[in-house]
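Numbering starts at 1 and runs along the sequence shown. Remember, it's a predicted structure, so these values are computed and weren't measured experimentally.
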Amino acid sequence: QVQLVESGGGLVQAGGSLRLSCAASGRTLSSYAMGWFRQAPGKEREFVAAISWSGGTTYYADSMKGRFTIFRDNAKGTVYLQMNSLKPEDTAVYYCAADPRFRAPMNPRFVEYWGQGTQVTVSS
């Protein structure tokens, strides 16, 4: 069993930055590929980024490339999402996800564990 807890969300102006964190407890985080999804009001949950168990491979949704960076620290049991050049359309609840296998993109059907989500609001 893995418990995922996100933090770092908040309100930021357009063009600003936020760093989200996802802390894992329970089974070792290094056993899982990790990813981030987001869901805006009235929209389906969408893939943001994924990282392999070692951190050596990453994959991003096209709209996040060059602005978002996913990285992990297995010793700390934490995955991060650095978000730069934020836009109002990035406003959503961001969820951390764990999948035993790295997939590009991460498929929510195969996610074994989800975090509770953290709200990101970008004002114009």
Side-chain angles (χ1 to χ4, degrees):
Q1 191 77 6
V2 175
Q3 293 79 43
L4 303 175
V5 179
E6 300 98 331
S7 61
L11 174 64
V12 64
Q13 289 188 333
S17 298
L18 281 175
R19 177 177 290 184
L20 306 183
S21 299
C22 173
S25 60
R27 291 183 62 184
T28 176
L29 186 68
S30 60
S31 300
Y32 292 87
M34 299 298 296
W36 290 91
F37 289 79
R38 69 185 186 184
Q39 188 166 19
K43 295 187 177 181
E44 293 186 354
R45 190 169 298 191
E46 68 170 333
F47 168 77
V48 174
I51 188 167
S52 61
W53 67 269
S54 68
T57 304
T58 57
Y59 186 83
Y60 298 90
D62 286 344
S63 61
M64 288 69 167
K65 288 179 182 177
R67 298 191 301 124
F68 291 8
T69 302
I70 186 171
F71 58 102
R72 65 193 296 166
D73 185 335
N74 287 338
K76 295 183 177 180
T78 304
V79 177
Y80 304 91
L81 184 68
Q82 177 67 42
M83 305 186 294
N84 299 327
S85 302
L86 284 162
K87 305 174 183 179
E89 50 264 43
D90 293 318
T91 295
V93 177
Y94 283 71
Y95 297 91
C96 178
D99 185 337
R101 176 181 170 185
F102 178 77
R103 308 171 206 270
M106 183 173 279
N107 188 324
R109 292 189 301 159
F110 300 109
V111 169
E112 284 198 359
Y113 301 102
W114 293 96
Q116 84 289 350
T118 185
Q119 176 71 45
V120 171
T121 303
V122 184
S123 64
S124 58

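Closest non-hydrogen pair, Phe102 versus Thr58, comes out as CZ-C, 4.4 Å. The heavy-atom pair separating Pro100 from Tyr32 by the smallest distance is N-CD2, 3.6 Å. Across all their heavy atoms, Ala14 and Ser124 have their closest contact at CB-CA, 4.4 Å. Scanning all heavy atoms of the two residues, the minimum distance from Thr69 to Tyr60 falls at CA-OH, 3.3 Å. The heavy-atom pair separating Leu4 from Ala24 by the smallest distance is CD2-CB, 3.7 Å.
At least one donor-acceptor pair closer than 3.5 Å links the side chain of Asp73 to the backbone N or O of Lys76. Remark: the backbone N or O of Val122 is paired with a side-chain donor or acceptor of Thr91 at under 3.5 angstrom.
Every residue was checked against the side chain to side chain donor-acceptor pair (under 3.5 Å) condition with Glu89, not counting sequence neighbours, and none meets it. Every residue two or more places apart in sequence or in another chain that forms a ring-ring contact (aromatic ring centres under 6.0 Å, His included) with Tyr80 is listed here: Phe71. Legend: residues meeting side chain to side chain donor-acceptor pair (under 3.5 Å) with Thr121, ordered by chain and number and at least two apart, are Gln119. Arg72 meets the salt bridge (charged side-chain N to carboxylate O under 4.0 Å, His left out) test with no other residue; sequence neighbours excluded. The side chain to side chain donor-acceptor pair (under 3.5 Å) check on Tyr95 picks up nothing, with sequence neighbours excluded. The salt bridge (charged side-chain N to carboxylate O under 4.0 Å, His left out) check on Asp99 picks up Arg103, with sequence neighbours excluded. Judged as a salt bridge (charged side-chain N to carboxylate O under 4.0 Å, His left out), and not counting sequence neighbours, the contacts of Lys65 are Asp62. Scored by the ring-ring contact (aromatic ring centres under 6.0 Å, His included) test, Phe110 finds no partners at all (sequence neighbours excluded). In this structure Phe37 satisfies the ring-ring contact (aromatic ring centres under 6.0 Å, His included) test together with Phe47, Trp114, sequence neighbours excluded.
Applying the salt bridge (Lys or Arg N to Asp or Glu O under 4.0 Å) definition to pairs two or more places apart or across chains, none involves residues 114-124. The disulfide bond (SG atoms under 2.5 Å apart) contacts involving residues 94-124 comprise Cys22-Cys96, where partners must be two or more places apart or lie in separate chains. Listed by first and then second residue, the salt bridge (Lys or Arg N to Asp or Glu O under 4.0 Å) pairs that reach into residues 44-61 are Arg38-Glu46, sequence neighbours excluded.
Between Trp36 and Val79, the closest side-chain pair of non-hydrogen atoms falls below 4.5 Å. Using a 4.5 Å cut-off on side-chain heavy atoms (C-beta onward), Leu20 and Thr118 make contact. Looking at heavy atoms from C-beta onward, Arg67 lies in side-chain contact with Lys87 at the 4.5 angstrom threshold. Between Met83 and Asp90 the shortest side-chain heavy-atom distance does not fall below 4.5 Å. Glu112 places none of its side-chain heavy atoms less than 4.5 Å from the side chain of Val2. No side-chain heavy atom of Tyr59 sits under 4.5 Å from any side-chain heavy atom of Met106.
If you chain together hydrophobic residues whose side chains sit under 4.5 Å apart, Leu86 and Val48 fall into the same group. Taking hydrophobic clusters as Ile, Leu, Val, Met, Phe, Trp and Tyr residues chained together by side-chain heavy-atom distances below 4.5 Å, Val120 shares a cluster with Met34. A continuous path of Ile, Leu, Val, Met, Phe, Trp and Tyr side chains, each step under 4.5 Å between heavy atoms, connects Met64 with Leu18, placing both in one hydrophobic cluster.
One side chain, Asn84 or Ser17, offers a donor N or O that lies under 3.5 Å from an acceptor on the other. Side-chain polar atoms of Gln13 and Ser123 form no donor-acceptor pair below 3.5 angstrom.
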Next on the checklist: With side chain to side chain contact (heavy atoms under 4.5 Å, CB included) as the criterion, how do Ile70 and Gln82 come out once you've worked through the C-alpha distance, each side chain's angles and the decisive distance to 0.1 Å?
Outcome noted: CA-CA 6 Å; Ile70 186 171; Gln82 177 67 42; over 6 Å; no
